[in-house]
Amino acid sequence: MTDGELPPAPPEVASVVPDDPARARLQSYAEFLASAGVERGLLGPREVPRLWDRHLLNCAVVAPMVPAGAHVIDVGSGAGLPGLVWAIVRSDITLTCLESLQRRATYLEEAVGALGLTDRVSVVRARAEDVVRGRASESSLRGDVVTARAVAPLDKLAGWTVPLLKPGGDLLALKGQSAADEVEAARTVLERLGIDSVEIVQCGEGIVDPPTTVVRARKAR
Ligand SMILES: C[S@@+](CC[C@H](N)C(=O)[O-])C[C@H]1O[C@@H](n2cnc3c(N)ncnc32)[C@H](O)[C@@H]1O
């Protein structure tokens, strides 16, 4: 394997995604990211050799936290992480990718078409805060789960995501080592927005190193 080349799927993929058609679709998405994603600047070429562990598996191990049949909103979806990975491995969910940049939203629409997911996945080009404030055409958009990865610190992200949750819904924010500090900094704003429980969950121990750290913030019913 040379630098920048997509490695074969590691053996852990089979345990995280036991379903054959879903695994084949995940492979197609990996190839799409490694080709069109890099050519169009959504993914750095240096990320390709670590695409499986650092990006695809890192997101896939969180998918069991999504309740059955949920509608998920992925805020700042970028190249489709984690939203498209979850839609691939969980055929029971529907997904809206919310992305502010037109270029990225166009890419996402193409990815959704290429992966045959148009019946369950839609793409909205808008800033999340404009949707929250009713300034975007999709201002009625609400999810059972709202997720975000690498978009903003939790205190800022909370204002763009918690209002998009249905009562009883979960914000699942994929975070790194700063998760506990971010939760502390965001505690007041989370309470003001109606969050009544917050926990930090490690996903994928023994599968991805380090495990994926998720902040789960549940909105009161
Ligand atoms: C660093 S990228 C992360 C993309 C993806 N979530 C990932 O983990 O690879 C952040 C993305 O959030 C989008 N974004 C930033 N602010 C946003 C906002 N207020 N509303 C919607 N999307 C936003 C950016 O355009 C960009 O695609």
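Just follow the structure's listing: the first ligand is 1, and inside any ligand the first atom is 1. One is the number of the first residue; the rest follow in order along the sequence.
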Engineer: Hey, which of Thr96, Leu108, Leu98 is the one that makes side chain to side chain contact (heavy atoms under 4.5 Å, CB included) with Ser122?
Structural biologist: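 Among the candidates, only Thr96 passes.
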Engineer: Tell me which protein heavy atom sits closest to atom 20 (N) of ligand 1, plus the residue, atom name and distance to 0.1 Å.
Structural biologist: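 Answer for atom 20 (N) of ligand 1: Ala128 N, 2.9 Å.
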Engineer: Looking only at protein heavy atoms, identify the closest one to atom 11 (C) of ligand 1 and say how far it is in Å.
Structural biologist: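 That would be Gly76 O, 3.5 Å.
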Engineer: Compare all side-chain heavy atoms of Leu51 with those of Leu43 and state whether any distance is below 4.5 angstrom.
Structural biologist: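 Yes, side chains in contact.
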Engineer: Can you give me the closest heavy-atom contact between Pro49 and Pro7, atom names plus distance?
Structural biologist: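 Answer, listing the atom of Pro49 first, then Pro7: O-CG, 3.3 Å.
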Engineer: So, for Tyr107 and Ala36, which heavy atoms are closest and what is the spacing to 0.1 Å?
Structural biologist: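 Looking at all heavy atoms of both residues, the closest pair is CE1-C, 3.9 Å.
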Engineer: Quick check on contacts: which atoms of ligand 1 are under 4.0 angstrom from a heavy atom of Leu81?
Structural biologist: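 Once the distances to Leu81 are compared, the set is 5 (C), 6 (N), 7 (C), 8 (O), 9 (O).
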Engineer: Heavy-atom contacts with Leu101 under 4.0 Å: which atoms of ligand 1 show up? List them by number with element.
Structural biologist: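 Per the distance check, 25 (O).
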Engineer: Quick check on side-chain hydrogen bond (donor to acceptor under 3.5 Å, both in side chains): which of Gln202, Gln177, Lys175, Glu182 does Thr213 satisfy it with?
Structural biologist: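 With Thr213 as partner, side-chain hydrogen bond (donor to acceptor under 3.5 Å, both in side chains) holds for just one option, Gln202.
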Engineer: For Lys156, does the NZ atom sit with more than 12 other heavy atoms under 6.0 Å from it, leaving out its own atoms?
Structural biologist: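 12 or below, so no.
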Engineer: Using side-chain hydrogen bond (donor to acceptor under 3.5 Å, both in side chains) as the criterion, point out the one residue from Arg103, Glu110, Gln102 that pairs with Thr106.
Structural biologist: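 The single option meeting the side-chain hydrogen bond (donor to acceptor under 3.5 Å, both in side chains) with Thr106 is Gln102.
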Engineer: Tell me, which protein residue and heavy-atom name are nearest atom 19 (N) of ligand 1, and how many Å apart are they?
Structural biologist: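 Its nearest protein heavy-atom neighbour is Glu129 OE1, 2.7 Å.
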Engineer: List the closest protein heavy-atom neighbour of atom 16 (N) of ligand 1: residue, atom name, distance to the nearest 0.1 Å.
Structural biologist: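 For this ligand atom, the closest protein heavy atom is Trp160 CZ3, 4.0 Å.
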Engineer: Looking at non-hydrogen atoms alone, which of His55, Gln102, Arg127, Glu99 comes nearest to atom 25 (O) of ligand 1?
Structural biologist: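 Checking each option, the heavy atom nearest atom 25 (O) of ligand 1 is found in Glu99.
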Engineer: I'd like to know if the side chain of Arg120 pairs up with that of His71 as donor and acceptor (distance under 3.5 Å, no hydrogens or angles considered).
Structural biologist: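 No pair is found: no donor N or O on one side chain lies under 3.5 Å from an acceptor on the other.
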Engineer: Using distance alone, determine whether Ala79 and ligand 1 share an N or O pair under 3.5 Å.
Structural biologist: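 Looking only at distances, the answer is no, because the N/O contact criterion of under 3.5 Å is not met.
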Engineer: How close do Pro67 and Arg90 get, heavy atom to heavy atom, and via which atoms?
Structural biologist: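 Shortest heavy-atom separation between Pro67 and Arg90 comes out as O-NH2, 3.4 Å.
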Engineer: Given Ala150, Gly159, Gly78, which one has a non-hydrogen atom that is nearest to atom 3 (C) of ligand 1?
Structural biologist: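 It is Ala150 whose heavy atom sits nearest to atom 3 (C) of ligand 1.
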Engineer: Heavy atoms only, cut-off 4.0 Å: how does Arg104 contact ligand 1, side chain, backbone, both, or neither?
Structural biologist: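 Within the 4.0 Å criterion, Arg104 contacts ligand 1 through side-chain atoms alone.
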Engineer: Quick one: which ligand 1 atoms are inside 4.0 Å of a heavy atom on Arg149?
Structural biologist: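 Close to Arg149: 3 (C), 5 (C), 6 (N), 7 (C), 8 (O), 9 (O).
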Engineer: With atom 15 (C) of ligand 1 as the reference point, say which of Ser100, Ala126, Ala148, Cys59 has the nearest heavy atom.
Structural biologist: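 It is Ser100 that holds the nearest heavy atom.
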Engineer: Looking at ligand 1, does any of its N/O atoms fall within less than 3.5 Å of an N/O of Val75?
Structural biologist: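 No, no N or O pair falls under 3.5 Å.
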